[in-house]
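Inspection log for the structure reproduced underneath, given as structure tokens.
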Protein chains: 2
Amino acid sequence: MHMRNKATLKNIANQLGISISTVSRALKDHPDIATSTKKKVRELADLMDFEPNAFAVYLRTNQSKVIGVIVPELSNFFYHSFVTSVEEEARKMGYSLIILQSANDPVVEEANLKLCKLNRVAGIFVALTPETKDLSPFDRINASGIPILFFDKVPDDNEYIKVCIADREVGKIAARAIIESKRKKVFALFGNANLSITRKRKQGLVDELKTLSPFIDITTLTVNNSHDAKKVTIDMLKSNQRAEVIFCMSDEILTGVIMAIHQSGFVIPSDVGLLAISNGFVPKLMNPEITYIETSGDQLGRRAMKTFGEVLEKGITKKLDIIESRLIKGGSL
Amino acid sequence: MHMRNKATLKNIANQLGISISTVSRALKDHPDIATSTKKKVRELADLMDFEPNAFAVYLRTNQSKVIGVIVPELSNFFYHSFVTSVEEEARKMGYSLIILQSANDPVVEEANLKLCKLNRVAGIFVALTPETKDLSPFDRINASGIPILFFDKVPDDNEYIKVCIADREVGKIAARAIIESKRKKVFALFGNANLSITRKRKQGLVDELKTLSPFIDITTLTVNNSHDAKKVTIDMLKSNQRAEVIFCMSDEILTGVIMAIHQSGFVIPSDVGLLAISNGFVPKLMNPEITYIETSGDQLGRRAMKTFGEVLEKGITKKLDIIESRLIKGGSL
DNA sequence: TTATAAATTGCAAAGGTTTGCGACAATTTT
DNA sequence: AAAATTGTCGCAAACCTTTGCAATTTATAA
């Protein structure tokens with residue numbers, strides 16, 4: 001079965017004996033076109049299963065309906081759920097996603113940025129790599145007219161569009177939960193210190209702890225990944241400095257800590273308390289469930305997409321959007 | 001600073017006083033072009049930071065360097081790791097990914113398919129929805145020249161390109177592990193029965209169990225999601241028909257079962273044994289670690305991308321690629 | 001009835017690249 | 001010295017859509 005006619009504007013025009021431009025306008029309900037013409041065109045277009053050639057449109061308008069999303073890694077609950085919900089929202093607005101992972105490497109991150117530019121994306125969502133120092137590639141992209149929206153791992157500078165968790169507040173919530181638990185000796189694990197998200201969470205936790213309960217004993221530590229977290233926790237647990245409560249600033253750290261506690265033969269919460277910042281998946285899987293401060297990628301994603309809508313409409317170039325979170329009580333404290 | 005010239009073939013040609021076609025050919029090392037010319041062109045192109053306009057190329061060649069990936073949902077470890085590794089491999093081959101979720105809805109699945117077609121993807125990777133009965137949309141896409149590669153959740157029909165887990169064998173491995181554990185009363189939970197993956201795993205498990213240990217007592221049940229799995233497990237546990245071992249055919253089911261066991265106050269493995277098909281993330285998080293048969297999305301992803309390479313090169317239209325798996329012993333049996 | 005406005009439609013260029021084919025000059029072969 | 005070959009390069013069409021502007025027809029006002 002040889003398809004005689006591809007579904008293009010030209011073919012529709014030929015078959016109807018009218019011009020391409022009329023077809024084009026009819027299809028997008030342009031007021032210039034007579035209702036009767038519109039009807040004819042639409043009917044034939046439907047019949048032929050016409051879909052405008054996306055590339056031709058992009059080429060002409062120089063704007064695609066694709067959003068680039070760059071995350072450190074997809075194998076992370078938080079980004080995961082972020083991407084999922086962005087995808088859902090984007091679809092509703094007629095956008096598709098190009099999802100890219102920077103694998104925590106600024107070089108890959110820049111390559112991804114380039115890829116986005118190559119694909120003339122309508123915009124880019126970025127969660128920064130911990131190692132990213134130089135923001136000039138982002139500035140260049142911005143200058144070339146592609147809006148960039150930073151989420152979660154955002155730059156300090158306020159000259160950008162940012163959507164993030166109320167990180168300092170999250171730290172404070174954690175502090176209050178710890179104080180309420182009456183535990184005094186805290187072992188707090190944080191991710192890469194370059195990230196403002198890390199600094200803010202730590203600051204929130206430490207400040208609030210010190211303010212509300214001055215003589216609390218807190219040890220903070222920086223770890224690079226789940227494996228690191230496991231190691232330092234095992235060491236801590238077998239030392240004579242065993243903490244009464246362990247705080248984990250992320251799911252990745254949390255999984256390491258859980259394995260460490262299990263492996264060391266300790267029991268939650270009687271031997272050691274546990275508190276995390278998480279989206280809840282892992283906490284709810286444990287027995288007892290782990291108390292956590294919820295940071296929902298879903299919510300962040302939806303908000304990001306909404307903000308992106310505003311950016312496109314109103315051409316905003318700077319904005320700070322903050323999402324609140326709350327304590328979900330399990331039995332680990 | 002106003003950018004006077006965009007980096008296009010035309011501009012390069014103008015500045016060098018040669019034609020567009022010569023520039024185009026020079027840049028792709030066409031033998032017709034003199035070495036000296038190539039050198040000049042390349043130098044200026046580098047200087048101008050020239051990148052061919054992807055859309056123009058696509059429009060002309062009608063082929064993009066983008067692969068569509070359609071999964072039931074991204075919030076599933078397995079697909080997750082699949083996507084991650086496909087992305088890595090794809091990048092190496094110069095491809096990008098459009099990732100789409102069908103949310104287990106055939107309607108969305110078809111819409112996604114359409115989106116892929118719209119974007120003239122070079123190929124599509126699909127894990128079928130459990131509800132997908134009608135494969136004709138896929139056939140149509142295939143007929144239009146876009147190769148489709150099914151993975152994990154694949155159609156029965158052998159007229160397609162398929163990359164999947166050795167599902168029957170996985171079931172058999174599970175059976176042998178159960179027999180070795182000496183537990184007799186089995187409660188086995190499976191996902192949607194429409195899926196060949198489900199049927200095969202179940203068949204493998206049941207057949208091998210019956211063959212090797214004829215008088216074993218096995219109850220199989222179909223559940224739709226994690227929540228369902230939790231519910232039926234709780235019911236089972238509180239009945240007087242409590243099983244000695246629970247088998248979960250997926251991570252999703254496993255998480256529900258774990259929560260059920262916790263909530264019912266039973267202990268693994270003394271009260272009840274547990275065995276799952278999983279990628280290992282959840283199993284290794286538990287205490288004791290859960291014994292599982294490993295099905296790695298990573299591996300599947302890499303294999304899929306490799307197969308896709310062959311498909312493009314050699315124009316294969318049918319192939320069955322099977323990945324073996326193995327038992328990882330934890331302490332849950 | 002004629003001039004003016006409004007409603008429709010078409011022309012043609014533009015967007016950047018690829019590619020078959022022809023043009024021209026330099027070189028080699030008869 | 002004429003003919004054939006080889007090496008370089010340019011012309012122009014094609015891919016499909018969008019859009020400013022001109023052209024045409026029809027309705028309205030003077």
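Below, read A as the first sequence line, B as the second, and so on, with proteins coming before strands; counting in each chain starts at 1.
Atom P of nucleotide C/dT9 and atom NZ of A/K40 are separated by 8 Å, given to the nearest angstrom. Atom CG of B/N11 is separated from atom C1' of C/dT17 by 14 Å (rounded to the nearest Å). One interatomic measurement links the two molecules: CG of A/N62 to C1' of C/dG16, which rounds to 10 Å at whole-angstrom precision. Distance CD1 (A/I20) to P (D/dC16): 10 Å, rounded to an integer number of Å. The separation between B/L9 atom CG and C/dT19 atom P is 12 Å, rounded to whole Å. Atoms NZ (B/K10) and C1' (C/dA13) sit 11 Å apart, rounded to a whole Å. Note: NZ (B/K39) to C1' (D/dC9) measures 20 Å, nearest angstrom. Counting to the nearest Å, the C1' atom of D/dG10 and the CG atom of B/L16 are 15 Å from each other.
One cannot find a donor-acceptor pair under 3.5 Å joining the base of D/dC11 and the side-chain atoms of B/S19. The base of D/dC15 has none of its N or O atoms less than 3.5 Å from a complementary donor or acceptor on the side chain of A/T8. Counting atom types as modelled, A/R120 pairs no side-chain N or O with a base atom of C/dG15 as donor and acceptor under 3.5 Å. No hydrogens or angles were tested; on distance alone, a donor-acceptor pair under 3.5 Å links the side chain of B/D32 to the base of D/dC9.
With hydrogens and angles ignored, the 3.5 Å screen pairs a side-chain donor or acceptor of B/R91 with a backbone N or O of A/Q101. No donor-acceptor pair closer than 3.5 Å links the side chain of A/K153 to the backbone N or O of A/V71.
Between A/T37 and B/A56, the residue whose closest nucleotide on DNA chain C is further toward the 5' end is A/T37. Summary of the strand contacts: B/T22 and B/T61 both lie near DNA chain D, and taking for each the nucleotide with the nearest heavy atom, the more 5' one is attributed to B/T22. Taking the nucleotide of DNA chain D with the nearest heavy atom to each of B/V23 and A/F50, the more 5' of the two is matched to B/V23. Nearest-nucleotide assignment on DNA chain C puts the 5′-proximal partner with A/H30, out of B/S21 and A/H30.
Here B/L59 lies in heavy-atom contact (under 4.0 Å) with a base. Backbone-only engagement by B/N53 is indicated by non-hydrogen atom pairs under 4.0 Å involving sugar-phosphate atoms exclusively.
The distance from the CD1 atom of A/I323 to the CG atom of A/L300 is 4.5 Å, given to the nearest 0.5 Å.
In this structure, B/F138 has its ring center closer than 6.0 angstrom to the ring center of B/F150.
Of all nucleotides listed (D/dC11, C/dT17, C/dT9), C/dT9 comes nearest to the side chain of A/A34.
Between B/K6 and the phosphate of C/dG16, there is a side-chain N or O to OP1/OP2 separation shorter than 4.0 Å.
A salt bridge is defined here as a Lys NZ or Arg NE, NH1 or NH2 lying under 4.0 Å from an Asp or Glu carboxylate O, and A/K114 with A/E110 fails to meet this definition.
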